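Worksheet: one structure, shown below.
None of these values were measured; they are calculated from a predicted model.
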Amino acid sequence: MEMLETPLSKPSEGSAGITGYWRTFKPVINKSKCVKCLLCWIYCPEGTVIRINDSVDINYMYCKGCGICANECPTKAIDMVLEEEI
Ligand code: SF4
Ligand code: SF4
């Protein structure tokens, strides 16, 4: 399985620890709605949307739950879900 990282930034631990712990809402990708346009990968400011072959996934260790990926997704394939609901 080939994993491709974003060219602009790499996620890393913040001064207050692993940034995934800061999250209130978690992006969940509905693969059946995803058309693999990669807009979420392009727009994620943290570099935590990862490309795996021709698909995308989320690096929950560092995703801060900002929701930009869900906002930009043209097919509404990403839902922001409260952490405790998962
Ligand atoms: S919620 Fe924000 S940090 Fe997390 S994957 Fe989406 S754009 Fe990136
Ligand atoms: S923006 Fe939406 S449709 Fe495009 S790759 Fe991301 S999840 Fe899939």
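- For the atom pair OG1 (T19) and CE (M61), the distance works out to 9.5 Å, reported to the nearest 0.5 Å.
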Verdict with supporting geometry, S55 and N53, side chain to side chain donor-acceptor pair (under 3.5 Å) = CA-CA 6 Å; S55 190; N53 297 327; over 6 Å; no

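- F25 and W22 fall into different hydrophobic clusters, defined by Ile, Leu, Val, Met, Phe, Trp and Tyr side-chain heavy atoms under 4.5 Å apart, directly or through other members.
- Side-chain atoms of I68 and C44, non-hydrogen and from C-beta on, never get closer than 4.5 Å to each other.
- Side-chain contact between C34 and V56 is present, with heavy atoms from C-beta onward closer than 4.5 Å.
- Shortest non-hydrogen contact noted between G65 and M80 is O-CE, 3.6 Å.
- Between the R51 side chain and the W41 main chain, no donor and acceptor come within less than 3.5 Å of each other.
- Nearest approach of I58 to I50, heavy atoms of both residues: N-CG1, 4.3 Å.
- The distance from atom NZ of K36 to atom NZ of K31, rounded to the nearest 0.5 Å, is 8.5 Å.
- Residue pairs satisfying the side chain to side chain donor-acceptor pair (under 3.5 Å) criterion with at least one member in residues 56-70, sequence neighbours excluded, are listed as follows: E46-K64.
- The CD atom of E83 lies 4.5 Å from the CZ atom of R23; values are rounded to the nearest 0.5 Å.
- The SG atom of C63 sits 13.5 Å away from the CD1 atom of I18 when rounded to the nearest 0.5 Å.
- Going from atom CD1 of I29 over to atom SG of C73 covers 8.5 Å, rounded to the nearest 0.5 Å.
- For the atom pair L39 CG and N71 CG, the distance stands at 12.0 Å (nearest 0.5 Å).
- Considering every non-hydrogen atom in both C40 and I78, the closest pair reads CB-CD1, 3.9 Å.
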